[in-house]
Amino acid sequence: MPELPDLQIFSKNLHLALAGKKLQRIKIINKSKLKSSLQKIKKAVEGNRIKKIYREGKEIHFLFANNNVLGFHMMLRGRLHYFDENNSHKYTIVELYFNEAPGLALTDYQGNANVTLNPIMKDSPDALSKEVNYKFLKEKLGRKATIKNVLLDQDVIRGIGNAYADEILWNARISPFSISAKIPSAKVKALARSIKSVLAQAAKKIDRAEPGIIGGEIRDFLDIHNSRKKKSPAGATIRVSTSGSRKTYYTNEQELYK
DNA sequence: AGAAATGTTGCGCT
DNA sequence: AAGCGCAACATTTC
C-alpha cells in the first residue's frame, strides 16, 4: 500500500514522535514474519533509545543508539498504528512499547509485512538520491524490458511502486510500454526530472493533507493512476491496461518507443 | 455487493 | 543462459 512518498512522510513523522525514546519492549505477535531470530532482535534493540527513523527504498528503518537497525517492510498491505491499552488491532505482526510515548504496532491482514534486524540494503540507489540522474538512467535503460518494469525493478532503483511509476511516466510523457533502450536521450532527461519532481511533490501533498500521518493512504491527488479520474490534466482520456490484478494507467499523450 | 488495491517472489517462456 | 513478464499471495475498503 504505501509507496515512497507515503513512507517518506511516515518516517519523518515517526522520527518527530519517537526519536530519543527508549524502546522498553518489542512484542512479537507473528513470529513467521521475522527475517531475523527473535532472541537476536530483542537483545539488539530492547532497552535502547531510538536515534533516528528514516526511509530506505520501501522500508522504514529505526536506528538505535547502539547502531542496530530495525527494518519494517510494509509489502502490499502493511500498516503502522499508534496504540494504547484501549485499542488493539487484528493481524498484528509486532508491537513496540516505549517510555513516555505511545506504542507502535505493525499490522498486515495479508500477512506479508516483515521485520529485519540490520537489513542488508541492495546497492541500487534510492529514487530520491543524487545518483539517480540522466547519466545513471541512460546506462540502466540499455535493455529490452519495458520502461515501467525497469522503474519498478528494485535492483535498478529503490522506492518506485506501481502507482507512482505510472505518474512518473505520464509526467515525462513516455509510454509505460516503451522499450527502455529505445527511449531517446531527451526523454531520458525528462524522466530523470519527473522521478524527482513527482515523488517529492506527492510527499509534500501527503504531508499537508494529514499532518502527523503514519499509516493509510492518500492518493486522490494522483493524476493518472487514479480510478476516479477519466482525463489527464492535459485533457486526454486515461486508458487502463490490466496484468493480473495490477493496472497500468496511461494516455496517448505518452510517446511509445519500440 | 463486488471490484480494486499494493510489492515481491518464483517460475515459465523466449 | 540470461532476460523478461506474469500470476499468486489474502482481505479490507470504497
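In what follows, chains are A, B, ... by sequence order, proteins preceding strands, each numbered from 1.
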- request: Look at A/K140 together with A/D153 and state whether they make a salt bridge at an N to O cut-off of under 4.0 Å.
  value: no
Phosphate-side-chain proximity, A/H73 and B/dG7, N/O vs OP1/OP2 below 4.0 Å:
no
The side chain to side chain donor-acceptor pair (under 3.5 Å) partners of A/E210 (sequence neighbours excluded) come to none
Exercise. Using a cut-off of strictly less than 4.0 Å, decide whether A/N149 has a side-chain nitrogen or oxygen near OP1 or OP2 of C/dG5.
Key: yes
By side chain to side chain donor-acceptor pair (under 3.5 Å), A/Y257 pairs with (sequence neighbours left out) none
With sequence neighbours left out, the residues meeting salt bridge (charged side-chain N to carboxylate O under 4.0 Å, His left out) with A/E255 are none
Which of C/dG5, C/dC4, C/dT12 is nearest the side chain of A/Y91? It is C/dT12
Sorted by number, residues from residues 155-185 of chain A placing a heavy atom under 4.0 Å from DNA chain B are A/G161, A/N162, A/A163
Symbol by symbol from the 5' end, with Watson-Crick or G-U pairs under 3.5 Å, [ ] crossing and | another strand, DNA chain B is .||||.||||||||
Rounded to whole Å, CZ of A/R79 lies from P of C/dT12 at a distance of 13 Å
Whole-Å distance, A/M75 CE to C/dC9 P, equals 14 Å
The salt bridge (charged side-chain N to carboxylate O under 4.0 Å, His left out) partners of A/D123 (sequence neighbours excluded) come to none
Those residues at least two apart in sequence (or on a different chain) that pass side-chain contact (heavy atoms from CB on, under 4.5 Å) with A/K205 are A/F221
message = So that I can tick it off, tell me whether A/D166 and A/K148 are bridged by a salt bridge, with the cut-off set at under 4.0 angstrom between side-chain N and carboxylate O.
response = yes
* Asked: Is there a side-chain polar atom (N or O) of A/Y109 under 4.0 Å from OP1 or OP2 of C/dC9?
  -> no
Applying salt bridge (charged side-chain N to carboxylate O under 4.0 Å, His left out) to A/D108 and not counting sequence neighbours gives none
P gap between B/dT6 and C/dC14, integer Å:
14 Å
Can you give me every donor-acceptor pair (side chain of residues 14-27 of chain A, partner residue at least two apart or in another chain, under 3.5 Å) with its distance?
unit_1: A/H15; atom_1: ND1; unit_2: A/I53; atom_2: N; d: 3.1
unit_1: A/Q24; atom_1: NE2; unit_2: A/N99; atom_2: OD1; d: 2.6

side-chain contact (heavy atoms from CB on, under 4.5 Å) filter on A/S175, not counting sequence neighbours, yields A/F177, A/S178, A/Q254, A/L256
Rounded to whole Å, CG of A/L76 lies from C1' of C/dT12 at a distance of 13 Å
Counting primed atoms, P, OP1 and OP2 as sugar-phosphate and everything else as base, the B/S/- map of nucleotides 9-14 of chain B against protein heavy atoms under 4.0 Å is ------
Residues of residues 220-231 of chain A with a heavy atom under 4.0 Å from any atom of DNA chain B, listed by number, are A/H225, A/S227
